[in-house]
Amino acid sequence: MKMRVYEVAESLKIPTKELIAFLKKEGIKVQNHMSNLDEDTIELIKEVMNAERRKAEEKGEEQRAKTIEINKIPNLRDLSSLLKVPLPEIIQKAINFGLITSVDKEIPVDILEKIIQEYKFKAKYSKELKNKLDSSKKIEGEKFISKPPVVTIIGHVDHGKTTLLDTIRKTKVTEEEIGGITQSIGAYQIIIDNKKIVFIDTPGHEAFTAMRARGVKATDIAVLVVAADDGVMPQTIEAINHAKAANVPIIVAINKIDKANANPEKVKKDLANYGLVSEEWGGETLMIEISALQNKGIKELLEAISLQAEMLELKANPKIPARGLIIETKLDKKRGIVSSVLIQDGSLKVGDYFIAGLSYGKIRSMVDDKGKMLKEAGPSTPVEITGFSQMPHAGDYFQIVADEKLAKIIIEERQNKEKSKVREDELSEASLEKLFLEIKQGKVDKLKIILKADTQGSLEALQEALDKVKAEMEKEEVEMEVIHQGVGNITETDVMLASASEAIIVGFNLRPDLNIQKVAKNEKVEIRLYRIIYELVEDIKSALQGYLKPKVKEYVDGQAEVREIFKIPKVGTIAGSYVLNGKISKKDKVRVIRDGKVVYEGEVASLKRFKEDAKEVSAGFECGIGIENFNDIKLKDILEFYNLEEVKERKVESIK
């Protein structure tokens, strides 16, 4: 007796797509849910699946049995012994969860419970200890105080971000900066009506996103600056998406209302299209009209920030050793490595030992944002410190430890893990292949996309096509979300947003430059490029359904820039070119890139060096290039040489 795939799935009480994935994993070929299965195959499926269920149940029983009895609060050494886990590993886990001052001191209860849960154990406390813990938690809670909010200024270039901060601080930062554009991150603390507010001024919002990409929260409130005479621009939209992805409340400062052509109402209307609806229109977003140059509306803006901060109920404990965030780092000829640190909790003192990323050290000096030397600094305080063993990165988590010995143990463990992760990282990028495998295994329920296209028309067509895919997939267990979209080439900001949000970038009729490709590779972000809409749609649909066809991988061999153009009768146009990188060959395919857009793809008609035919030309040399059926070559066009190779579908078991 034969049964269709969907009928077997119904009898097993599992989704059809799960059964199809299982069959493919086991090497049983089926086309779709209507494919027939014979009686022997059905029996085999039931046998294997029942065995897997029994195994899962046994594992569940085993985990339920993993209970440890605790009669006294352990230190890290005790916990290492209790859990039978190496001490360096326990230390690393502890430092990831919060404050650890010594391997021989009692572990804070909240961290103890998190570590125990991490290893799938359940703690069983004695009655006496449980009463003591409840009491200590109450006392610990009484140590918390309200802390100043950390505010990030974001928005489109030249909309007045730094001028606004300059007006608030009553300094002349803008005049000192090259071209009036912020060159690096600065953190500044101000006092308004006896209340402190910390501002982080970023170059755009790339660093803001880079910090979030490393798993830390850099800011409490985002102030989005929009020029009343310019309106919502590409970087405005990017800023909104970044703040939303970080789950940070947004206050809108509509700047330049003093301009003759200012139109605040239009700005409010346009922002409503991106989910920011003004309170006066019945929404939840605070929008303040200001003129940073004329100091208008600044008081109202600061009041709005204070109001938002009160709603957030921000707390910190100044009695504990500091933990925070590396905001900026640089190398000073006289002082060595200097880093700006934003203290998020606790207090920092000169002489404290610390760790940050893969660096450690002892604080030799500490200076506030006004250049004043400090011996101690509390929560939400930006300070510049020295004493690092090596250069940390912006976004690295900063934490005080008991002594140099503990710092070295932790850093050594981190360095070892960093080395062992090299291979793992190659497989951890947010690619469609990885996503479809995780969808099959039930590990992910949302496919996030950043969509970029060459024209508004293309973008609208893609949006419509993807909306149809989303509607078709409503009954599936996985969703698709376009977290950002725009017209124009793929930028570094797009890559950082994708990295932070674990999204893929989909580009249509675009070609990112070498620098963007390098950044994407470093950030483990996949960029998918298409020239045909249905191919893009099919790939996305396949990923959502949990399977992909064999992928054709592209290998770029080299790029050349057109520097001269020769029109030769009966031959056509020859591009006098300089090979920028790699090695180009007559056997390669070639694409013509102009202003970041692909204008043609085809075959190489001729490749010459000094009027002689050449098989290949390396970087640093000049050559003449002819392209089959294409004569519209322009100066400064980039000719990209590549070849294609089919990559066979990988089995789930081979991906770790």
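- K161 contributes a side-chain N or O that, together with a main-chain N or O of H156, makes up a donor-acceptor pair within less than 3.5 Å.
- Shortest non-hydrogen contact noted between L639 and S577 is CD1-OG, 4.0 Å.
- Side chains of Y600 and E628: no donor on one and acceptor on the other come within 3.5 Å.
- The backbone N or O of I633 sits nowhere less than 3.5 Å from a side-chain atom of T573 that would complete a donor-acceptor pair.
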Query - H159 vs M233, side chain to side chain contact (heavy atoms under 4.5 Å, CB included): CA-CA, chis, key distance, verdict - result: CA-CA 10 Å; H159 275 202; M233 301 297 285; 3.8 Å; yes
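- Looking at E603 and K589, a side-chain N of the basic residue comes within less than 4.0 Å of a carboxylate O on the acidic one, giving a salt bridge.
- The CG atom of L451 sits 6.0 Å away from the CD atom of Q485 when rounded to the nearest 0.5 Å.
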Report task. Any chance you could lay out the salt bridge (Lys or Arg N to Asp or Glu O under 4.0 Å) test for E502 and K448, step after step, and finish with the verdict? Result -> CA-CA 7 Å; E502 294 186 346; K448 296 178 183 177; over 6 Å; no
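- Checked by atom type and distance alone, the side chain of T219 pairs as donor or acceptor with a backbone atom of T152 at under 3.5 Å.
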Query raised in the report: Under the side-chain hydrogen bond (donor to acceptor under 3.5 Å, both in side chains) criterion, do Y578 and E564 qualify, and how do the steps go?
Result: CA-CA 9 Å; Y578 177 82; E564 287 187 74; over 6 Å; no
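- Ionic pairing of D613 and K608 is present here: one or more N-O contacts between side-chain nitrogen and carboxylate oxygen are shorter than 4.0 angstrom.
- If you take NZ on K468 and CG on L466, they are separated by 11.0 Å, rounding to the nearest 0.5 Å.
- Not one N or O on the side chain of R594 forms a donor-acceptor pair closer than 3.5 Å with the backbone of V599.
- Between the CD atom in E481 and the CD1 atom in I449 there is a gap of 9.5 Å [rounded to 0.5 Å].
- Between I483 and A503, the closest heavy-atom pair is CD1-CB, 4.0 Å.
- Between R591 and E640 there is a salt bridge, since a side-chain N of the basic residue sits under 4.0 Å from a carboxylate O of the acidic one.
- The 12-atom threshold is not exceeded at CG of D595, counting heavy atoms of other residues, nucleotides or ligands nearer than 6.0 Å.
- Salt-bridge check for E265 with K268: passed, with a basic side-chain N closer than 4.0 Å to an acidic carboxylate O.
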**Report entry** side chain to side chain contact (heavy atoms under 4.5 Å, CB included) between I584 and C623, worked out
**Finding:** CA-CA 10 Å; I584 66 175; C623 59; 4.0 Å; yes
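- You'll find the side chain of K266 reaches within 4.5 Å of the side chain of D270, heavy atoms only.
- Proximity of I593 to R511: side-chain heavy atoms (C-beta onward) are separated by under 4.5 Å at one or more points.
- Two residues are said to be in side-chain contact when any heavy atoms from C-beta on lie closer than 4.5 Å; M391 and L331 meet this criterion.
- To the nearest 0.5 Å, the span separating CD1 on I574 from CD1 on I568 amounts to 5.0 Å.
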Report task. Determine, step by step, whether V225 and I153 satisfy the side chain to side chain contact (heavy atoms under 4.5 Å, CB included) criterion, reporting the C-alpha distance in whole Å, the side-chain angles of both residues, the deciding distance to 0.1 Å, and the verdict. Result -> CA-CA 7 Å; V225 180; I153 307 290; 3.8 Å; yes
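- Aromatic pair Y530/F508: ring centres not closer than 6.0 Å.
- Side chains of L529 and I527 form a contact here, defined as non-hydrogen atoms less than 4.5 Å apart.
- With respect to the salt-bridge test (charged N to carboxylate O, under 4.0 angstrom), the residues K586 and D588 do not qualify.
- Residues D539 and R528 form a side-chain contact, since some pair of their non-hydrogen atoms from C-beta on lies under 4.5 Å apart.
- In this structure, CG in L224 is found 6.5 Å from OG1 in T236, a value given to the nearest 0.5 Å.
- For the salt bridge (Lys or Arg N to Asp or Glu O under 4.0 Å) test with E616, the passing option among R609, K587, K583 is K583; the others fail.
- The shortest distance between side-chain heavy atoms of V232 and Y274 falls below 4.5 Å.
- In terms of heavy atoms, M480 sits closest to K470 at O-CE, 3.3 Å.
- Salt bridge D454/K597: absent, no basic N to carboxylate O contact under 4.0 Å.
- Scanning both residues, A614 and V617, for their nearest heavy atoms gives CB-CG2, 4.2 Å.
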Query raised in the report: For Q463 and V482, what are the C-alpha separation, side-chain angles and deciding distance, and is it a side chain to side chain contact (heavy atoms under 4.5 Å, CB included)?
Result: CA-CA 9 Å; Q463 287 171 328; V482 178; over 6 Å; no
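- Counting only distance, with no hydrogens or angles, the side chain of D637 and the backbone of K634 share a donor-acceptor pair below 3.5 Å.
- Between L536 atom CG and K541 atom NZ the span is 12.0 Å, to the nearest 0.5 Å.
- The shortest heavy-atom contact between I627 and A605 is C-CB, 3.9 Å.
- Side-chain contact of D557 with N643: a donor-acceptor pair under 3.5 Å is present, judged by distance alone.
- Looking only at side-chain heavy atoms (C-beta outward), I250 and V223 stay at 4.5 Å or farther from each other.
- T285 and L276 make their closest contact through OG1-CA, 3.7 Å (heavy atoms, listed as atom of the first residue, atom of the second, distance).
- By the 4.5 Å heavy-atom criterion applied to side chains, D494 and K452 are counted as neighbours.
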